[in-house]
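Scroll down for the structure; my scribbles are underneath it.
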2 protein chains.
Amino acid sequence: MTSDYESMLREASLRVTRPRVAVLTAVYDHPHADTDTLIGVVRAAIGEVSHQAIYDVLRALTTAGLVRRIQPANSVARYESRVGDNHHHIVCRSCGVVADVDCTVGDAPCLTPSDDHGFGIEEAEVIYWGLCPSCTTTPVSEDISDPGKESHVRQS
Amino acid sequence: MTSDYESMLREASLRVTRPRVAVLTAVYDHPHADTDTLIGVVRAAIGEVSHQAIYDVLRALTTAGLVRRIQPANSVARYESRVGDNHHHIVCRSCGVVADVDCTVGDAPCLTPSDDHGFGIEEAEVIYWGLCPSCTTTPVSEDISDPGKESHVRQS
DNA sequence: GCATTTTCTTGAATGAATCAAGAATAGCCC
DNA sequence: GGGCTATTCTTGATTCATTCAAGAAAATGC
């Protein structure tokens, strides 16, 4: 397992360090987790690591294409290990939980704008907004845009 | 003009105040502008107004459905006046400028997820990422995710 | 006009994320 | 294996969009 992640790092021309292997492992084990959650997971795995190191590692991994960063409106940055398969996301308006949605048309980009305004389009990102099953039956009092509340569908 | 915006506010059961009319006007005149830009526009129009008032007004207008808030990853909140027509956006990865894209399939939601995971889907948001014409010919040195730089395609 | 409710002002606080400088370490050559 | 150099991590401060809080001001309904 660990050696797999080491190989991934090496193949991406990234130096292999304990924090990097731990962060990569954490992102694979906890899809859509935010930075703070990942810091907790990494520290539980290998002991104290500075938050700055986690930020640096996540940036390096994202730049290298080993993880993907997603950031729905009103949410902090989240990371996932599924890369390069053009899948999309459903985000709960109430608790902010994220679920994957496969592209209905396969791996190829499934969307083309009606008018690209001269932009060179590289990617079409789709975010479906709605209520997760849990929030449908047990509504959370406040909207996700209100701070000070924690999702009841916590990434484990 | 002003009376139109006043009517809009009244019809939304919002009290008519100078800051609200000015913010509504500013959003109509400067589509996709960020909060800071709007603060500048509003102050140029009606004199000193607290930034907190602008935040409050934008929240009220957004909640009332008079304006729409968009927030692409790595960007601050932006506001636009086109609401209810299900259009989407192209965002420049380099300078962050935003352009509108009409829904190719008309006003109805043009997307349905392959598996909604039990979520009640309310909206499909599409963000196309790419390079705007200006950044294609005059590349900006750094990515939008890097701070400390201002778009060369400033709103207004 | 006046009372009531909402909104705006003032000023402080929050929190994710970044910056900066020095210490530690991975990878490479001998 | 030992040392060199670039990269990475630690420590601690800082930034900045946004929010919180409490009181002053203004808008609507009677």
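In what follows, chains are A, B, ... by sequence order, proteins preceding strands, each numbered from 1.
- Residue Ile46(A) contributes atom CD1, which lies 17 Å from atom P of dA24(C) at whole-angstrom precision.
- Between Leu58(B) and Arg69(B), every side-chain heavy-atom pair lies at or beyond the 4.5 Å cut-off.
- Inter-residue side-chain proximity for Glu80(A) and His87(A) is flagged as met; some heavy-atom pair is nearer than 4.5 Å.
- The residue among Leu14(B) and Arg69(B) whose nearest nucleotide of DNA chain D is located toward the 5' end is Arg69(B).
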Its contact letters, B for base, S for sugar-phosphate only and - for none at protein heavy atoms under 4.0 Å, make nucleotides 9-15 of chain D read SBBB---

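- Rounded to a whole Å, the CG atom of Asp36(B) is 11 Å from the P atom of dC16(D).
- No engagement by Ala60(A) is indicated, since no non-hydrogen atom pair under 4.0 Å with the nucleic acid exists.
- Look at CD on Glu6(B): it is 12 Å from C1' on dA27(D), rounded to the nearest Å.
- Following rounding to the nearest Å, Arg10(A) (CZ) and dT7(D) (C1') show an atom-to-atom distance of 15 Å.
- Residue Arg59(A) has a polar side-chain atom (N or O) positioned under 4.0 Å from OP1 or OP2 of dT18(C).
- Residues His32(A) and Asp100(A) bring a donor and an acceptor atom of their side chains to less than 3.5 Å of each other.
- The shortest distance between the side-chain N/O atoms of Thr35(A) and the OP1/OP2 oxygens of dA16(C) is not below 4.0 Å.
- Annotation: salt bridge (charged side-chain N to carboxylate O under 4.0 Å, His left out) contacts involving residues 17-26 of chain A, sequence neighbours excluded, are absent.
- Considering only residues two or more places apart in sequence or on other chains, Glu11(B) meets the side-chain hydrogen bond (donor to acceptor under 3.5 Å, both in side chains) condition with none of them.
- For the pair Asn74(A) CG and dG15(C) P, the interatomic distance rounds to 16 Å; values are reported in whole Å.
- We find that Asp36(B) and Arg78(B) are not joined by a salt bridge, their nearest charged nitrogen and carboxylate oxygen being 4.0 Å or further apart.
- Look at Tyr55(A) and you'll find a side-chain N or O under 4.0 angstrom from OP1 or OP2 of dA17(C).
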